[in-house]
Amino acid sequence: MSSTQTFFPSNAPRGMVYALVDCNNFYVSCERVFAPRLQGRPVVVLSNNDGCIIARSEEAKTLGIAMGEPFHKREPFLRREGVNVFSSNYPLYGDMSARVMEALSRFTPHQEIYSIDECFLGFVPAPDADLLCTARHIRETVRQWTGIPVSVGLAPTKTLAKIANRCAKKDPASKNVCLLGDTTTIKQTLARTDVEDIWGIGRRYARFLHTRGVDTGLDLVRMPRDWVRNHLTVVGLQTVLELDRQPCFVLETTPAPAKSIVCSRSFGRRIRDKQALGEALARHIQRAAERLRAKGLLAHTVRVALETNRFQPGPQYAARRCQTLFHPTDATPALHKAAQGLLDILYRSGFAYQKIGVTLLELVPHNHRQASLFPPAAAETGRQRDLMRTVDHLNTVYGRDTVTWAASGLGPQQWHMRQNHVSPRYTTAWDELPCVG
DNA sequence: TCTGGGGTCCTAGGACCC
DNA sequence: TCTGGGGTCCTAGGACCC
């Protein structure tokens with residue numbers, strides 16, 4: 001890549017127009033749909049384990065509550081200010097997300113669901129007025145159908161669409177819709193955008209860039225390409241090209257197959273005992289295997305990671321280790337056996353553990369089982385598959401963990417996570433009805 | 001007492017092979 | 001005195017995202 005500048009060429013061809021639709025304060029908005037009394041009041045939603053604050057209403061932001069703050073440090077303040085606090089309720093948010101995405105799919109066949117609360121849409125180029133009209137229509141439709149407010153940013157690349165979306169959210173005059181179309185507008189906007197607010201520039205890169213006097217998007221796009229490549233890797237280079245209106249990130253309309261499945265949780269309180277760690281690990285394996293089967297995949301490698309609380313003073317311990325299986329599998333018992341073997345190797349007595357996690361790697365589609373010199377007996381895998389299918393079916397119909405493995409513990413679970421402020425599963429609570437008994 | 005979880009990608013360095 | 005070089009695989013670590 002040469003360092004020749006292609007800084008806003010006046011004859012740049014116009015390709016697709018990208019829209020980024022982002023739900024405003026999504027988790028908070030979901031809670032508000034079912035509790036309208038929360039409108040206009042400060043609301044926060046906590047991470048798993050009630051650890052950090054991960055979503056804030058505008059009113060909560062105004063109170064000076066930051067993203068990612070530890071809940072326990074802020075709890076007295078939140079109480080004093082009368083802030084409404086919710087544990088995260090992913091079944092609810094997932095369901096609301098699906099409704100939003102369904103509404104968006106009506107506007108174009110070019111849709112990339114980027115995250116639980118964000119979606120890229122692709123449109124053919126059109127006059128600015130028409131694009132803005134479509135954006136407003138999207139906003140109204142989603143609000144009407146789901147109750148969720150969204151912002152829409154439009155631009156010639158995904159990275160610029162992200163910036164446009166940010167403008168749509170921040171500038172009240174925009175009414176949550178913003179188009180970055182012509183060169184002048186893009187340039188002016190980049191000059192007002194700090195590098196840390198650019199998609200792909202995280203905290204570390206931002207700090208580095210500031211030390212070099214690169215403070216805004218406009219500063220960044222003016223840097224020599226080789227310099228960017230050397231200091232920010234090829235990914236950073238793509239980001240810079242995108243700021244320069246050259247699309248590098250295309251619309252991924254079909255989701256790529258998963259490459260890994262992680263299941264990992266902090267404990268509600270510290271665990272010293274290997275038996276309890278084993279039970280928590282067994283539970284993670286169960287979850288991970290369920291997700292693996294739901295995706296129609298087999299895992300070839302299992303990884304277990306174990307760690308103590310890195311925020312505590314004194315000696316801490318963290319370790320992880322993989323085991324590759326002889327045959328890829330989606331059977332809970334085989335994955336469980338591998339994971340427990342890894343725990344035996346990793347466990348050190350005398351530590352207070354904070355977290356254990358499992359990762360399934362080298363995932364392959366289950367119908368593409370690689371030809372093996374020593375294939376597992378067909379009858380055996382058939383029986384196992386039937387068993388797993390039955391377990392998954394029962395758990396789907398009668399609720400999570402209706403059928404479970406003894407290895408995950410039958411007594412009270414000292415490792416269970418905290419979740420003290422959870423709202424009802426308004427839209428998916430059927431699996432908790434008393435008739436299940 | 002209490003600091004999330006689930007992902008992806010890139011790079012560097014070591015081991016090993018020919 | 002001289003001590004290759006290129007390819008691949010693996011792992012760890014670092015960076016980013018939501």
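Residue numbering restarts at 1 for every chain, and letters A, B, ... go by the order of the sequence lines.
Nearest to the side chain of His72(A), among dG4(B), dT3(B), dC18(C), sits dT3(B). Side-chain proximity of Arg270(A) to dC2(B), dG4(B), dC18(C): nearest is dC2(B). The side chain of Pro70(A) lies closest to dT3(B) when the candidates are dT3(B), dC18(C), dG4(B).
When the C1' atom of dT3(B) is taken as reference, atom CD of Glu75(A) falls 14 Å away, rounded to whole Å. For Met67(A) and dG5(B), the CE to C1' distance is 12 Å, given to the nearest whole Å. The distance from atom CD1 of Ile113(A) to atom P of dC18(C) is 16 Å, rounded to the nearest whole Å. For Glu112(A) and dC17(C), the CD to C1' distance is 12 Å, given to the nearest whole Å. Separating the CD atom of Gln354(A) from the C1' atom of dC2(B) is a distance of 10 Å, rounded to the nearest angstrom. Rounded to a whole Å, the CZ atom of Arg269(A) is 13 Å from the C1' atom of dC2(B). In this entry the distance linking CG of Leu78(A) with P of dC2(B) reads 19 Å, nearest Å. The interatomic distance linking Ile356(A) (CD1) with dG4(B) (C1') rounds to 17 Å, in whole Å.
The residue Glu118(A) sits close only to the backbone: its heavy atoms come under 4.0 Å of sugar-phosphate atoms, none of a base. No engagement by Phe71(A) is indicated, since no non-hydrogen atom pair under 4.0 Å with the nucleic acid exists. Counting any heavy atom pair closer than 4.0 Å across all strands shown, Asp50(A) reaches no nucleic acid atom. Among the heavy atoms of the strands, none lies under 4.0 Å from Leu232(A). Residue contacts for Leu361(A): at a heavy-atom cut-off of 4.0 Å it reaches no nucleic acid atom on any strand shown.
Partner assigned to dC18(B) is dG5(C), using Watson-Crick or G-U wobble distances below 3.5 angstrom.
Proximity of a side-chain donor or acceptor of Thr146(A) to a complementary backbone N or O of Arg143(A) within less than 3.5 Å is not detected.
Here the closest heavy-atom approach between residue Cys119(A) and residue Leu104(A) is recorded as CB-CD1, 3.6 Å. For Asp50(A) against His421(A), the heavy-atom pair with the smallest separation is OD2-CD2, 3.6 Å. Nearest approach of Lys274(A) to Leu343(A), heavy atoms of both residues: O-CD2, 4.2 Å.
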Summarise how protein sits on nucleotides 6-16 of chain B as a single string, 5' to 3': B when a protein heavy atom is under 4.0 Å from the base, S for sugar-phosphate-only contact, - for no contact.
-> SSSSSS-----
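Between Tyr426(A) and Phe34(A), the two ring planes are parallel [angle under 30°; tilted spans 30° to 60°].
A cation-pi arrangement, defined by a distance under 6.0 Å to the six-membered ring centre and an angle within 45 degrees of its axis, is present between Arg74(A) and Phe77(A).
For the OP1/OP2 pair of dG5(B) and a distance below 4.0 Å, the side-chain nitrogens and oxygens of Ser266(A) include at least one atom meeting the criterion.
The closest side-chain donor-acceptor pair between Thr301(A) and Glu362(A) falls under 3.5 angstrom.
Taking the six-membered ring where the residue is Trp, the centroids of Phe208(A) and His231(A) are separated by under 6.0 Å.
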